[in-house]
Amino acid sequence: MDQGKGLRAAPALSYKPTMAETTYFPRRLILGGAMISGVLLALAVHMLGVGLGLDLGGLWRSDTSDFVPTGAAMAWWLIASVGFSGGYFTATLMDSAVSGQIPERMRYFLIAVGVLVLAGAGQAASAPSPLPTISGVLAGLAALCLGAVVAFCGAHFALRKGDEAPRAPRRQSAAAG
């Protein structure tokens, strides 16, 4: 009997770089992940801001002589801008990471930055709060709601922008020129 007939030779390994297949995640999954990230970043900024004296609940106090306390207005704008940009950039990054367009070092850098921000917020949250308990809870809930709304808007705009196909420029007719 011939020993080599029943055995197949192993296929040769290809060492040529192949292009990664483009995979698509459901938009709802990317939207949900971006919203969670935006809300966590907004809450982290709120906790860090309270430690720096940016009191979100200053708008509801009647004991101040100013019409709108500057620290409260800065806190609202800071939380809103961080929540929106966190949702927007996270949705953009998640959409491009799924298709393999983000280098591995950039992913590790972004993960490290996110961990450091959340660790700083955790440290700030574990310290005694300078705000009264009820005021602190209401300010935290307001920051959570504000962060959720603006993170959703940022993620939604990022995904809508990604869905739009590039349009070809319109040609002008010779008679109109």
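Below, all heavy atoms of this structure are taken into account, side chains as well, without hydrogens, waters or symmetry copies. Remember, predicted model here, so these are calculated numbers, not experimental data.
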Do you know which two heavy atoms are closest between [X] and [Y], and how far apart they sit?
{"X": "H156", "Y": "L31", "result": "N-CD1, 3.8 Å"}
{"X": "A158", "Y": "T92", "result": "CB-OG1, 3.5 Å"}
{"X": "I79", "Y": "A143", "result": "CD1-CB, 3.9 Å"}
{"X": "A151", "Y": "G38", "result": "CB-CA, 3.8 Å"}
{"X": "V82", "Y": "A42", "result": "CG1-N, 4.2 Å"}
{"X": "Y88", "Y": "F157", "result": "CE1-C, 4.2 Å"}

Co-membership, hydrophobic cluster, residues [X] and [Y], 4.5 Å side-chain:
{"X": "L144", "Y": "M47", "value": "yes"}
{"X": "V45", "Y": "M74", "value": "yes"}
{"X": "L93", "Y": "F109", "value": "yes"}

Expected output: side-chain T90 to main-chain G86 donor-acceptor under 3.5 Å: yes

Exercise for review: Begin with the C-alpha distance, continue with both residues' side-chain angles, and end with the deciding distance and a verdict on side chain to side chain contact (heavy atoms under 4.5 Å, CB included) for R27 and D95.
Suggested key: CA-CA 9 Å; R27 293 286 188 206; D95 198 29; 3.0 Å; yes

Rounded to the nearest 0.5 angstrom, the CD1-CG distance for I111 and L116 is 12.0 Å

To the nearest 0.5 Å, atom NE2 of H46 lies from atom CG of L78 at 11.5 Å

Q: Give the C-alpha distance, both sets of side-chain angles, the deciding distance and a yes or no for side chain to side chain contact (heavy atoms under 4.5 Å, CB included) between I36 and L40.
A: CA-CA 6 Å; I36 289 170; L40 286 176; 4.1 Å; yes

